[in-house]
Amino acid sequence: MGTSSKKKGTVKERKKNKFTSSVSNTVKHNTDTLRSGRAISLEFFQRNAWLIIAIITVLIGVMGLRYRTKTRMSEIKQLNKELQRAESDKLHEKAWYMTLIRETELTRLTTEKHLGLCYQEEPPIEIECEALNVTHHQ
C-alpha cells in the first residue's frame, strides 16, 4: 500500500515539474524574442493590422465617452445649482406677491367700507412720558 502511494506521488511530481518547466521555457522564449525585437516586426503588424486598428478605435471611443460623461456631469452640477437658486428666487417672489395681494386686498376693503384707514409707510413712533410712565402709539 505504501509503495503505490509513493509511485502516484512521484508521477504527480513529474507532471508538475514538466508543466512548470514548459511554462518557464515559454516565458523565457517570449522575453528573448521581445528583447531581440523579433516579436514586434513589420510582419506582426501586417498580420494583426485589423486587430490593432480595432483596439485603437475602441480605446479612443472609450476616452471620448469618458470625456463626454465628465463634461456632462459638470454641466448637470452647474444646472442643479442654477435650479436651486431659481427655486429660492421663486419662493422669495411668491412670498412678496402674497404680501402685496394681502395689502392690496386690505386697501380695497378699507376704501370700499369707507373706514378711512391708510397704509402707513413709516413704523410707529413711540413717545414716552416720564411723568406717567406710559407709552403711546400714533
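Computed from heavy atoms alone, side chains included, the values below leave out hydrogens, waters and symmetry copies.
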Verify same cluster id: I60, I52 (apolar side-chain graph, 4.5 Å)
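Same cluster.
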What distance do [X] atom [atom1] and [Y] atom [atom2] have between them, rounded to the nearest 0.5 Å?
X    : Y    : atom1 : atom2 : result
K94  : E87  : NZ    : CD    : 12.5 Å
E105 : T110 : CD    : OG1   : 10.0 Å
L91  : E93  : CG    : CD    : 10.5 Å
T104 : L109 : OG1   : CG    : 11.0 Å
R72  : I76  : CZ    : CD1   : 8.5 Å
H92  : S88  : NE2   : OG    : 8.0 Å

Please check if the number of heavy atoms outside R108 that lie under 6.0 Å from its CZ is greater than 12.
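Yes, CZ of R108 has more than 12 neighbouring heavy atoms, counting only those of other groups under 6.0 Å.
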Where do I53 and T57 come nearest, in terms of heavy atoms and distance?
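For I53 versus T57, the nearest heavy atoms are O-OG1, 2.7 Å.
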side-chain contact (heavy atoms from CB on, under 4.5 Å) with Y67: which of L65, T69, T71?
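It is T71, the one option of L65, T69, T71 that forms the side-chain contact (heavy atoms from CB on, under 4.5 Å) with Y67.
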Does some side-chain heavy atom of Q84 sit less than 4.5 Å from a side-chain heavy atom of N80?
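Side chain of N80 against side chain of Q84, heavy atoms only: no contact under 4.5 Å found.
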Side-chain contact test, heavy atoms from C-beta onward, threshold under 4.5 Å: evaluate it for M63 versus L59 and give yes or no.
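A side-chain contact is absent here, since even the closest heavy-atom pair is not under 4.5 Å.
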